[in-house]
Visitor: 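This is the structure, below, for whatever I ask next.
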There are 2 protein chains.
Amino acid sequence: MADIKVEYMACPIRQIISRFGDKWSLLVLYGIDRSETGVMRFNELRRMMTDCSQKMLSQTLKNLEHYNLVHREVYPEVPPRVEYSLTETGRSLMPSLHQLIQWALDHFDDVVSRQVIIK
Amino acid sequence: MADIKVEYMACPIRQIISRFGDKWSLLVLYGIDRSETGVMRFNELRRMMTDCSQKMLSQTLKNLEHYNLVHREVYPEVPPRVEYSLTETGRSLMPSLHQLIQWALDHFDDVVSRQVIIK
DNA sequence: CGGCATCCGATGCGATACTG
DNA sequence: CAGTATCGCATCGGATGCCG
């Protein structure tokens, strides 16, 4: 998401939006958190998010790793195995995320059922 | 934000992101909520969000009105006066939003201080 | 298996000018 | 005051192909 002027860098809302307001980030976090082991492999995530392209999943994971929400563990095997898990910081976001999801469920009729504005 | 495949329309995270994950929506909601009267006029919002263009503010407000988060009250005067306030649904989102902001503040060092990835 | 590189269309968003 | 209209660039994101 786009830049933020330097003088507004301290605004926490902007920070959240600019980092996790994209199309897939929250879904990845939620997916990993919900998994039984707390760990997911790349293609496991792909199967969960069937309409997310490989490119975007890869990009999203790299982004989340950069912001210290997701940990990437590479096992030097053949074939290669890479496991993604939540960091401590990532887990700490979950209560807020769940509350947001609950809000969406509670207000599905008020908000979500309305058609997305085209153009 | 982009479309969501029909078979995933029920996913609440996607719904939230597709509607309020844009650059300005949450900031508008937060701004109106924080105002003393609970009501803000168009140019009042503009002054608060100095780096938001008029076009985007207008578009964002229309969007929030469509999703029943913001109420638009027009007073037939000259010069015209338009007041924006939160709907009941909009107010109901605030606890979740505040929790999210608090999370951002708590984890500023972990997350927010990291440079936004360029390209 | 878990990616990256490239191309390209769709959308987001800002700048500017104009209006009731 | 509170917007709308138009233009144009920048970014998002999907499709495809290649690689260790």
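Atoms considered below: every heavy atom in the structure, side chains included; atoms not considered: hydrogens, waters and symmetry mates. Protein chains get the first letters and strands the later ones, always in sequence-line order, with residue 1 at the start of each.
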Visitor: Determine: side-chain N/O of B:R81 to OP1/OP2 of D:dA2, distance under 4.0 Å, yes or no.
Guide: no
Visitor: What integer distance in Å separates A:E44:CD from C:dG3:C1'?
Guide: 17 Å
Visitor: If I take atom CG in residue A:N63 and atom P in nucleotide D:dG13, what distance separates them, rounded to the nearest angstrom?
Guide: 11 Å
Visitor: Which sits closer to the 5' end of DNA chain D, A:K55 or B:R72, going by the nucleotide each is nearest to?
Guide: B:R72
Visitor: A:E83 has an atom CD; how far is it from atom C1' of C:dG2, in whole Å?
Guide: 13 Å
Visitor: Verify, without hydrogens or angle tests, whether A:T87 (side chain) and A:L69 (backbone) share a donor-acceptor contact under 3.5 angstrom.
Guide: yes
Visitor: A:Y84 vs A:F42 aromatic rings, parallel, tilted or perpendicular, using cut-offs 30° and 60°?
Guide: tilted
Visitor: Base, sugar-phosphate, or nothing for A:Y75, non-hydrogen atoms under 4.0 angstrom?
Guide: nothing
Visitor: Going through the distances and angles, do B:N63 and B:T60 end up as a side-chain hydrogen bond (donor to acceptor under 3.5 Å, both in side chains)?
Guide: CA-CA 5 Å; B:N63 195 48; B:T60 301; over 6 Å; no
Visitor: Write down the distance between CD (B:E77) and C1' (D:dA2), rounded to a whole number of angstrom.
Guide: 13 Å
Visitor: Counting N and O atoms only, with roles assigned by atom type, does the side chain of B:D110 sit under 3.5 Å from a partner on the main chain of A:N68, one being a donor and the other an acceptor?
Guide: no
Visitor: Identify, between A:M56 and B:Y84, the residue whose nearest nucleotide on DNA chain D lies closer to the 5' end.
Guide: B:Y84
Visitor: In terms of side-chain heavy atoms of B:P80, which of C:dG20, C:dC13, C:dG2 is nearest?
Guide: C:dG20
Visitor: Quick check for you: among D:dG14, C:dG14, D:dC1, whose closest atom lies nearest to any side-chain atom of A:W24?
Guide: D:dG14
Visitor: Rounded to the Å, how far apart are A:R46 CZ and C:dG2 P?
Guide: 11 Å
Visitor: Quick check: any donor-acceptor pair below 3.5 Å linking the side-chain of A:Q54 to the base of C:dC4?
Guide: yes
Visitor: Take the protein atom CZ of B:F42 and the nucleotide atom P of D:dG3, then report the distance between them rounded to whole Å.
Guide: 5 Å
Visitor: Quick one: A:L57 CG to D:dG14 C1', roughly how many Å, whole number?
Guide: 14 Å
Visitor: Quick one: is A:S58 getting a side-chain N or O under 4.0 Å of the C:dC4 phosphate, OP1 or OP2?
Guide: yes
Visitor: Are OP1 or OP2 of C:dG3 and a side-chain N or O of A:K62 less than 4.0 angstrom apart?
Guide: no
Visitor: Nearest-Å distance, CG (B:L61) to C1' (D:dG3)?
Guide: 11 Å
Visitor: Indicate yes or no for a side-chain donor-acceptor contact from B:H66 to the backbone of B:K62 under 3.5 Å, with no hydrogens or angles considered.
Guide: no
